[in-house]
Number of protein chains: 2
Amino acid sequence: MNAVSDQPGMASTQSRLLAERLRQSVLDGGFAPGTRLNEVHLARSLSVSRTPLRAALQTLAGEGLLHHTPNRGFTVPALSLGTIIDAYEMRALAEGLAARFAAERGITDALRLQLEASLAEGERSLASDAADGERRRLYAEANEAFHGAIQEAAKSDLVKDVLRICQRVPQTSAHNIVAFELADMRERHAAHQRIYEAIICREPREAEQQMRQHVLSVKMSMARWYTSHLSSASSSTSRQPREPETSGLPQNKRTRRGR
Amino acid sequence: MNAVSDQPGMASTQSRLLAERLRQSVLDGGFAPGTRLNEVHLARSLSVSRTPLRAALQTLAGEGLLHHTPNRGFTVPALSLGTIIDAYEMRALAEGLAARFAAERGITDALRLQLEASLAEGERSLASDAADGERRRLYAEANEAFHGAIQEAAKSDLVKDVLRICQRVPQTSAHNIVAFELADMRERHAAHQRIYEAIICREPREAEQQMRQHVLSVKMSMARWYTSHLSSASSSTSRQPREPETSGLPQNKRTRRGR
DNA sequence: CAATGAGTAAGTGTATTCACTTTAATGAAG
DNA sequence: CTTCATTAAAGTGAATACACTTACTCATTG
């Protein structure tokens, strides 16, 4: 009955794969904020049964990426600008701590190489005369690699979890916006280099301080961009009574005859 | 078939109640670290079917309170002292942020009263000549009320979630140990008062700084206590291959006949 | 015509069953 | 006595079936 058996690459279980896919979808803004996820339709559209789907949804709800209401199911929360700014504030502290740990504990050669590679990649993306969108994509990639490497170097599951929570902001997620103007990107790149040096030199306080400033400056750029571009749209006060607006697939026909 | 129907107080669903109970159990150390949770046995002992139990477990796993391995089920992670210390480090930052937010945003009268009540309660517990254990219990209660009120005052779901993660440390959980010696408790109480004043006076930086110091000092006490009292026991390096040691109820007979 | 209430479809919560994986006891072979 | 293969029991993952709740349509009534 199962189509894919004895496949070597198939390490994980269905629920986990689903959780991964859905997490990605939610973070990428695949579902409109406030959307109500219909289990039956979602299951059909993903070609799975409800059981593993629910498993995935429960997990995501535990992670705080979805909200659950007892007899109404799962919804993707709508975040206000204030919430997003708070998240950056928290993230500045958490990433700062990660940088501090990395500096305190020292990093493996592999991670040092990854850091250097991401810096080089960022440099290249800034130097290239590629189209603006393409440059941005490249830089976003380098940026993610840089921060990822530091989080790894921190060697703390807890810090990683906290950062996951801080970045559970749909739409605004790191790799979507990241760098807003070329000048901003240059500034960020310089900050990355300072952070790298502080870590290599094993200077915890300096690394933490630099990282905090860096993230807070990203916060500023984001807020500026957000207010000037979106302003009105999707600025709801988190979990206010919003209209259902279900999703997961069509909810079309509703044919009935009188009693 | 369901025994409890049309009951007025029954607001929530079975899975949620279970999640709550289990969360409490895990935090209170109801399951030994490293224990493997057997779904069938646990379900029987809790008088529920596997479905809602699994739902609860998935949620807790999402929260990071349990660990899940594909075909082996859920386990309660064993934490090393290092991990616990890291948690305090993160918690210092998060609670500091909460205090800052509270000072920035101002607190409602209700919360101000709760803060004052908890301070008074702490004072009383320190002044009383009750038995040491009893005093400790009282102080722990006041302590929890104090920190809880500030977390509320921060008005940030994200900060609350982060703090939940930082306190997801079984056994060592806040209300279990908290204050170690009378002198420590006095020092803590004084810190609480300073924090309270900073918040009332709307001085964000001061509030944040005081709170950070406060939590870090708790960290020190905890580490001192931990090393002198437990030292060897339950100091494993997080997620190392530990022997199964299942739980949930007995696994007794194993009768079989040869092929 | 608006308000209200019954009845029904859609949707979520839970139970049960089946399939697949892991685990460990047993016994044969070296 | 140790090692390894065999094999069934126990356990988890997934699917299906059923129960209960919510929400909507429509008809009735004042």
Side-chain angles (χ1 to χ4, degrees), chain A residues 1-7 10-19 35-44 46-59 61 66-75 241 243-259, chain B residues 1-7 10-19 35-44 46-59 61 66-75 241 243-259:
Chain A
M1 190 180 274
N2 67 355
V4 274
S5 285
D6 53 9
Q7 213 168 319
M10 175 174 137
S12 218
T13 163
Q14 224 174 139
S15 331
R16 286 177 95 94
L17 296 174
L18 268 179
T35 308
R36 200 171 144 188
L37 271 49
N38 182 313
E39 297 180 6
V40 177
H41 296 157
L42 240 188
R44 289 167 99 86
L46 295 172
S47 313
V48 294
S49 102
R50 272 181 65 208
T51 309
L53 173 60
R54 291 202 93 207
L57 293 175
Q58 315 257 155
T59 301
L66 294 177
H67 183 70
H68 177 82
T69 318
N71 276 303
R72 302 197 50 197
F74 299 87
T75 57
E243 277 324 297
E245 189 184 336
T246 87
S247 167
L249 258 202
Q251 74 279 29
N252 27 9
K253 71 211 166 195
R254 175 167 278 260
T255 51
R256 274 181 59 256
R257 61 172 193 81
R259 53 166 174 166
Chain B
M1 191 179 276
N2 65 357
V4 275
S5 285
D6 55 6
Q7 212 169 320
M10 177 175 136
S12 216
T13 161
Q14 225 174 138
S15 331
R16 286 177 96 93
L17 295 175
L18 268 178
T35 308
R36 201 170 143 188
L37 271 49
N38 182 314
E39 296 180 7
V40 177
H41 296 158
L42 241 188
R44 287 167 100 85
L46 296 172
S47 313
V48 294
S49 102
R50 273 180 64 207
T51 311
L53 173 61
R54 293 201 93 206
L57 293 174
Q58 316 258 153
T59 301
L66 296 177
H67 183 68
H68 177 82
T69 319
N71 277 302
R72 303 197 49 200
F74 299 87
T75 57
E243 276 325 297
E245 190 185 335
T246 85
S247 167
L249 258 203
Q251 73 278 29
N252 27 8
K253 70 210 167 195
R254 176 166 278 260
T255 51
R256 273 182 60 253
R257 58 171 196 84
R259 54 166 173 168

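Chain naming here is simple, since letters A, B, ... match the order of the sequence lines and numbering starts at 1 in each.
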Legend entry - Nearest-angstrom distance from the residue atom CG of B:L42 to C1' of D:dT12: 14 Å
Inset, instruction - Return the value, rounded to whole Å, for the distance between atom CD of A:E39 and atom P of D:dA17. - result: 17 Å
Inset, instruction - Using atom NE2 of B:H68 as one end and atom P of C:dT21 as the other, report the distance to the nearest whole Å. - result: 15 Å
Legend entry - Spatial distance of atom NE2 (A:H68) from atom CG (A:L37) [nearest 0.5 Å]: 12.0 Å
Inset, instruction - Would you please confirm or rule out a distance under 4.0 Å between OP1 or OP2 of D:dT16 and any side-chain N or O of A:S49? - result: no
Inset, instruction - Rounded to the nearest angstrom, tell me the gap between atom CG in B:L46 and atom P in C:dT14. - result: 14 Å
Inset, instruction - Report yes if a donor N or O on one partner sits less than 3.5 Å from an acceptor N or O on the other, where the partners are the side chain of A:T51 and the base of D:dA15; otherwise report no. - result: yes
Legend entry - A:R50 vs C:dG11: side-chain N/O to OP1/OP2 distance below 4.0 Å: no
Legend entry - A:R36 CZ - C:dA10 C1' separation (whole Å): 10 Å
Inset, instruction - Whole angstrom is fine here: how far is it from CD in B:Q14 over to P in D:dA19? - result: 16 Å
Legend entry - Which residue lies more 5' along DNA chain D, comparing A:N71 with A:A55 via nearest heavy atoms: A:A55
Inset, instruction - Report the residues that fulfil side-chain contact (heavy atoms from CB on, under 4.5 Å) with B:S47, sequence neighbours left out, ordered by chain and then residue number. - result: none
Legend entry - Side chain of B:V40 (C-beta onward), nearest among D:dT22, D:dT12, D:dA14: D:dT12
Inset, instruction - Would you mind reading off the distance between B:L37 atom CG and D:dT12 atom P, rounded to a whole angstrom? - result: 9 Å
Inset, instruction - Check whether any side-chain N or O of A:H41 sits under 4.0 Å from OP1 or OP2 of C:dA10, and answer yes or no. - result: no
Inset, instruction - Using a cut-off of strictly less than 4.0 Å, decide whether A:N38 has a side-chain nitrogen or oxygen near OP1 or OP2 of C:dT12. - result: yes
Legend entry - Minimum heavy-atom distance between A:Q58 and B:T59, given as atom pair plus value: NE2-OG1, 3.6 Å
Inset, instruction - Calculate the interatomic distance between B:F74 atom CZ and D:dG11 atom P; express it in whole Å. - result: 15 Å
Legend entry - Nearest-neighbour nucleotide for the A:R72 side chain, D:dA14, C:dA15, D:dA23 considered: D:dA23
Legend entry - Side-chain donor/acceptor of B:R36 to backbone N/O of B:R72, under 3.5 Å: yes
Legend entry - Nucleotide nearest A:T13 when distance is taken to its side chain, options C:dT23, D:dA14, D:dA23: D:dA14
Legend entry - Distance-minimising heavy-atom pair for A:S15 and A:A56: O-CB, 3.7 Å
